[in-house]
2 protein chains.
Amino acid sequence: MVLQGDDAAARPRLGRAPSTTHADLSHTALRLFMERGFDATTVDEIAREAGIGRRTFFRYFPSKNDVPWGDFDRLLDGMRDHLASMPDDLPLMEQLRRSILEFNRVPESEVEYHRRRMELLLHVPTLLAHSTLRYASWRQVVAEHVGRRLGLPHGDLIPQTMAWTCLGVCLAGYEQWLGDADADLLELLDEAFRLIDERIGTEAIQAHRGSHASRSARG
Amino acid sequence: MVLQGDDAAARPRLGRAPSTTHADLSHTALRLFMERGFDATTVDEIAREAGIGRRTFFRYFPSKNDVPWGDFDRLLDGMRDHLASMPDDLPLMEQLRRSILEFNRVPESEVEYHRRRMELLLHVPTLLAHSTLRYASWRQVVAEHVGRRLGLPHGDLIPQTMAWTCLGVCLAGYEQWLGDADADLLELLDEAFRLIDERIGTEAIQAHRGSHASRSARG
DNA sequence: GATACTAATGACACCCGGTGCCGTTAGGAA
DNA sequence: TTCCTAACGGCACCGGGTGTCATTAGTATC
């Protein structure tokens, strides 16, 4: 969950130059969220504080809810690629563990910032609800990999349930992390996955493959 | 997921009589949602159609998003009680399976109605997001039972992850159900739980009990 | 340096969900 | 009838989000 990348790296081409960046806006907004609370911070306030118009705010972020998320889609693409590049002889859960850990790696300098963002995302009801849509995309990526690996449609029960379980492991791990100021996120997640792994044997799942007519559902 | 119960059964006591019921309002609204789509249906339209004031609508439902949910909290209380009443000698997953199935039982006459509601809840992004808050309560009930049963804080990794997994099984099952007009929901969920059960052995989990310092997180 | 082109900006009006407030209405009880 | 009470409905208001459009600030061209 690294922050959104190089806004500035893009070459100045044509037309009026943008008056701010995603990163700047995001930092300003997050600061206000921390000071006054998420719901109590209005978009007008964020815009004023950032020195832009309210209308402009919505050209940087589709909604106030999206601010704490950064460029999630790009990260997700990264995880998809990472999963696809996993050697075939690795057990499924091991592939998932490695890729998901990688997905959650964040530069040392941004750990505290990350902690504050996740605190918001997991504890503010509005954001908790909104996050569901992101989680759905994330689960989709996991389910597709599991499906591919097991030769099942990604809409089938096993891939879907494994995706939910992985999400649960991550979020439970995040909660532990947020509750312990000294904890290391990746260590926690790693431990969590190893603990769960022992209970979700890939072999057993594969034994079941084909034993049921595979109904497919939309992912 | 039986619908909200007897609005009318309450004795008329004092003051002006209510001009409608949760059930009536709910049916009117659901019909409009089906006809025009959820987002395209405004609260004003629902109120007008139901013959009440817009302001009154919000006295029956805290938000438009809550309409398709009915009286979820009451159902949840039922599940909590059902779980608590389970014989101790039953394996954990068996207790969960039974209670969750019971939670999802719906009278034959309401099956089609239930299907339409779930179609909305699972496929309309706005509702999908909002539902997260309900799912959180549901997971809480599951996690508390698992925690009690395993002698772990409900915030610990195992109860939390099991709750997520159960939720995943249910929602994956619902997706299968929605994708197959002839399917029977309870049969599907039953099959799903039995399939997953074999992979989440309670004994193995119990073997791990206490092997880690139990960090607790808020549920 | 003037001009043309382009892209971001900001102001405005508007829609919708949701809330606080308050006077009104419709029932039972005295 | 009168009193009490709970539900009702209208109104004003807030905040998030969108469509529209004139304006601004850059680059490229002459």
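Worth saying up front: this structure is predicted, and the values here are computed from it rather than measured.
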d([atom1], [X]; [atom2], [N]) in whole Å:
{"X": "B/F61", "N": "C/dC16", "atom1": "CZ", "atom2": "P", "result": "21 Å"}
{"X": "A/F57", "N": "C/dA8", "atom1": "CZ", "atom2": "P", "result": "17 Å"}
{"X": "A/R54", "N": "D/dC14", "atom1": "CZ", "atom2": "C1'", "result": "11 Å"}
{"X": "B/I52", "N": "C/dA26", "atom1": "CD1", "atom2": "C1'", "result": "17 Å"}
{"X": "A/H130", "N": "D/dG15", "atom1": "NE2", "atom2": "P", "result": "20 Å"}
{"X": "B/D44", "N": "C/dT19", "atom1": "CG", "atom2": "P", "result": "15 Å"}
{"X": "B/F33", "N": "C/dC16", "atom1": "CZ", "atom2": "C1'", "result": "13 Å"}
{"X": "A/L25", "N": "C/dG10", "atom1": "CG", "atom2": "C1'", "result": "14 Å"}

- Query: Between A/Y60 and A/T20, which heavy-atom pair has the shortest distance, and what is it?
  - Reply: OH-O, 3.1 Å

- Shortest non-hydrogen contact between B/S19 and B/I52, atoms and distance: OG-CG2, 3.9 Å

- Would you find a donor on one side and an acceptor on the other, under 3.5 Å apart, between the side chain of B/S85 and the backbone of B/H82? yes

- Task: Assign A/T41 to base, sugar-phosphate, or nothing according to its heavy-atom contacts below 4.0 angstrom with the strands shown.
- Result: sugar-phosphate

Looking at [options], which one has an atom nearest to any side-chain atom of [X]?
{"X": "B/N65", "options": "C/dG18, C/dA26, C/dT9", "result": "C/dG18"}
{"X": "A/F58", "options": "D/dG16, C/dA8, C/dG10", "result": "D/dG16"}
{"X": "B/L14", "options": "C/dG17, D/dA6, C/dT6", "result": "D/dA6"}
{"X": "A/R55", "options": "D/dC8, D/dT20, C/dA8", "result": "D/dT20"}
{"X": "B/R59", "options": "D/dC8, C/dT9, C/dG10", "result": "D/dC8"}

- Apply salt bridge (charged side-chain N to carboxylate O under 4.0 Å, His left out) to the pair B/R31 and B/E35, showing each step before the final yes or no. CA-CA 6 Å; B/R31 184 168 52 75; B/E35 289 173 11; 3.3 Å; yes

Please tell me if [X] has a side-chain N or O lying less than 4.0 Å from either OP1 or OP2 of [N].
{"X": "A/T42", "N": "D/dG15", "value": "no"}
{"X": "A/S19", "N": "C/dA8", "value": "no"}
{"X": "B/Y60", "N": "D/dA7", "value": "no"}

- Could you go through the ring-ring contact (aromatic ring centres under 6.0 Å, His included) check for B/Y135 and B/W138 one step at a time? CA-CA 5 Å; B/Y135 295 156; B/W138 187 91; 7.8 Å; no

- Note on the structure: Per nearest nucleotide of DNA chain C, the residue lying toward the 5' end, B/G15 or B/K64, is B/K64

